[in-house]
2 protein chains.
Amino acid sequence: MIAAFYQNKDKHYVAVDCIIMGFRDNELHILIAKRPFEPLLGGWSLMGGFVNEFESINDAAKRVLDEFTGIEDIYMEQVGAFGDVNRDLVRVISIAYYALVDIEKFDTSLAEKYDARWAKITQLPELIFDHSLMVKNTLNLLQRRAAVKPIGFNLLQEQFTLPTLQSLYESIYQEAIDKRNFRKKILAMDILEKLDEKDKSSSRKGAFYYRFIKEKYDQLIQQGLHFSI
Amino acid sequence: MIAAFYQNKDKHYVAVDCIIMGFRDNELHILIAKRPFEPLLGGWSLMGGFVNEFESINDAAKRVLDEFTGIEDIYMEQVGAFGDVNRDLVRVISIAYYALVDIEKFDTSLAEKYDARWAKITQLPELIFDHSLMVKNTLNLLQRRAAVKPIGFNLLQEQFTLPTLQSLYESIYQEAIDKRNFRKKILAMDILEKLDEKDKSSSRKGAFYYRFIKEKYDQLIQQGLHFSI
DNA sequence: TCAAAAGTGTTAGTGTTACACCCATGA
DNA sequence: TCATGGGTGTAACACTAACACTTTTGA
């Protein structure tokens, strides 16, 4: 019988915790919620949930992401498993995922429902358990990923200006980038389409909108392009 | 009561699977074992074990590594969690770790005990479940890590020659490296100590032994050195 | 003396960094 | 007209990649 081999093994609670990132006011933000119950009532935490018996861990993460943002089809990637015995109040193994969302699509009614808010990554409060560590590892991973994959666009709306795109990367890497070098590099890849419209919300002159052309990117990758910022 | 919150949640078997890597005959090898029981009797698999109730997932990995190699204090890093519902015969969530060992320290009696063997990474047989995927992800991760961290030395003995070190990196990246450029780069970092002794096992002239000086590396890192191959 | 692997520098080219001024616009 | 952020090119420098011959030694 198959089950015999597993019979005497311990079983564990397994959770997913999501580092949901958005971009607003030229800064990365993370969605955090105030814990509504004891113990640690009022402590800030990431968005999480338990993995169900007939659900893959990826599906669990997608479910949690949808539940707390109201957005489906979110870009996400696993950060890793966190399994210290005492990381939670009872023994729970948690698998962290980070997600990149267009903050404009966020269902703000959920913020009230879960007592959640978008916190600037530079001004995060202390989080419960090992959630601060999860965020730290995520930022690390994001910095490595964003340098070689065009995932940053997931944080922006369909149309965005180059100044906005640049400030996004500046926020990810926490450092200033030279305007001319940045433009040269991103435009040289030839994966953006310049639109006719301008965004005049942050200057009188206005900045042209651009659009990421995924099809072109995919095609160029086939031909050996290496995305790099 | 604390437990109330968790009460109705599902529990899961959680395993660790280890991608144990060694270097021999100028090639990366992975330790795999023949499954000694049905179903899938005789199928090749990675080294694994279940996570116990009062054991962190890292400790579980260390336990498994020691059990199958006879070596303590092994360099290891988590690859990630694998949690498809049907990845195993029953629902098991597995956390993969890769480990880099000095293959000379391997307790060969364990190879018989577990019907294990070191398989060349270029000639791996098909593995059971999602183990081949785990290896693929590991190789990816290793390539990224080895380029910026001096972890390759964990695969070698205390003393090694530059030709050996080079062939190690050639095996990791599956591509030839220019001898002169490689030496220039690695020696420029000034983290190796040249010894007086030569290894004459692979040439009449003999190649000088070198040693990685961890203390010096740590010190230089403080001063802003970036390891890079 | 020869075969076989170890060891050694230079150059061209590519990519990266640093840097300053004009433009368009609304108030 | 002026204040503000958007937009543009070039030159020095650093790094990378390409490349061939000499040395040592045991058989």
Side-chain angles (χ1 to χ4, degrees), chain A residues 23-27 143 146-148 156 159-171 173-211 220 223-229, chain B residues 25-27 143-144 146-148 156 159-211 220 223-229:
Chain A
F23 184 67
R24 188 169 76 182
D25 304 332
N26 292 334
E27 271 208 68
Q143 289 177 345
V148 297
L156 304 176
Q159 300 186 4
F160 50 85
T161 66
L162 291 188
T164 299
L165 186 62
Q166 178 176 343
S167 85
L168 168 61
Y169 279 97
E170 288 177 329
S171 180
Y173 294 102
Q174 305 280 342
E175 65 180 28
I177 302 173
D178 181 90
K179 196 165 41 160
R180 282 170 288 194
N181 293 339
F182 178 79
R183 283 167 167 265
K184 233 181 304 166
K185 209 163 183 177
I186 193 90
L187 292 176
M189 282 189 275
D190 199 25
I191 55 178
L192 298 187
E193 179 188 5
K194 186 178 184 176
L195 307 179
D196 293 328
E197 208 181 334
K198 274 187 169 183
D199 169 24
K200 299 211 168 182
S201 66
S202 60
S203 79
R204 306 200 205 295
K205 182 176 178 180
F208 280 105
Y209 280 117
Y210 285 77
R211 205 171 63 79
L220 288 170
Q223 298 168 23
L225 172 79
H226 285 285
F227 182 91
S228 162
I229 288 294
Chain B
D25 304 333
N26 292 334
E27 270 208 68
Q143 289 176 345
R144 279 179 282 124
V148 296
L156 303 176
Q159 300 185 5
F160 51 85
T161 66
L162 291 188
T164 299
L165 185 63
Q166 178 175 344
S167 86
L168 168 61
Y169 280 97
E170 288 177 331
S171 181
I172 291 176
Y173 294 102
Q174 304 281 341
E175 64 180 29
I177 302 174
D178 181 89
K179 193 165 42 160
R180 283 169 288 190
N181 293 338
F182 177 79
R183 285 168 165 264
K184 234 181 306 168
K185 206 162 184 179
I186 193 93
L187 292 177
M189 281 188 274
D190 198 26
I191 55 176
L192 298 186
E193 179 187 7
K194 186 179 185 175
L195 307 179
D196 293 329
E197 209 181 334
K198 274 186 169 185
D199 168 24
K200 298 212 167 182
S201 67
S202 62
S203 78
R204 305 205 205 300
K205 182 177 180 182
F208 281 104
Y209 279 117
Y210 285 77
R211 203 171 66 80
L220 288 170
Q223 299 167 24
L225 173 79
H226 285 285
F227 182 91
S228 162
I229 289 293

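Lettering of chains follows the sequences in order, A, B, ..., and the numbering in each one begins at 1. Note that this is a predicted model, so its numbers are computed, not measured.
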Quiz item: Looking at side-chain heavy atoms only, is the closest gap between B:D196 and B:Y209 below 4.5 Å?
Solution: no
Quiz item: Under 4.5 Å between any side-chain heavy atoms of A:E197 and A:F208, yes or no?
Solution: no
Self-check item: Separation of atom NE2 in A:H226 from atom C1' in C:dG15, rounded to whole Å
Solution: 15 Å
Self-check item: Protein-nucleotide distance (B:K194, atom NZ; C:dA6, atom P), rounded to Å
Solution: 13 Å
Quiz item: What is the distance from CG of A:D199 to P of C:dA24, rounded to the nearest Å?
Solution: 18 Å
Quiz prompt | Length of the CG-C1' vector between B:D178 and C:dG13, whole Å | solution = 16 Å
Quiz item: Any donor-acceptor pair under 3.5 Å linking the side chain of A:D199 with the backbone of A:S201?
Solution: yes
Quiz item: Strictly by modelled atom types, are B:T161 and B:T164 linked by a side-chain donor-acceptor pair under 3.5 Å?
Solution: yes
Practice problem: Calculate the interatomic distance between B:I186 atom CD1 and C:dT8 atom P; express it in whole Å. | Solution: 15 Å
Quiz item: Please walk me through it: do B:K179 and B:R183 pass side-chain contact (heavy atoms from CB on, under 4.5 Å)?
Solution: CA-CA 6 Å; B:K179 193 165 42 160; B:R183 285 168 165 264; 4.2 Å; yes
Exercise. Take A:R180 and A:T164, find for each the nucleotide of DNA chain D with the closest heavy atom, and name the residue whose nucleotide sits nearer the 5' end.
Key: A:T164
Practice problem: Under 4.0 Å from any heavy atom of chain A: name the first and the last nucleotide of DNA chain D that qualifies, 5' to 3'. | Solution: D:dA3 to D:dT10
Exercise. Report yes if some heavy atom in the side chain of A:F182 is under 4.5 Å from a heavy atom in the side chain of A:L165; otherwise report no.
Key: yes
Self-check item: Donor-acceptor under 3.5 Å (B:K198 side chain, B:K205 main chain)
Solution: yes
Quiz item: Under a 4.0 Å heavy-atom cut-off, which of residues 200-210 of chain A touch DNA chain D?
Solution: A:S202, A:S203, A:R204, A:K205, A:G206, A:A207, A:F208
Quiz item: Between the main-chain N or O of B:I177 and the side-chain N or O of B:Q166, is there a donor-acceptor pair closer than 3.5 Å?
Solution: yes
Practice problem: Hey, which sits more toward the 5' end of DNA chain D by its nearest nucleotide, A:K198 or B:S228? | Solution: A:K198
Self-check item: Whole-Å distance separating the NZ atom of A:K179 from the P atom of C:dC21
Solution: 14 Å
Quiz item: Can you check the A:R183 CZ to C:dA18 C1' distance for me, whole Å?
Solution: 18 Å
Exercise. Step by step, work out the side-chain contact (heavy atoms from CB on, under 4.5 Å) result for A:V148 and A:H226.
Key: CA-CA 7 Å; A:V148 297; A:H226 285 285; over 6 Å; no
Quiz item: CG of B:N181 versus P of C:dG7: gap in Å, rounded?
Solution: 16 Å
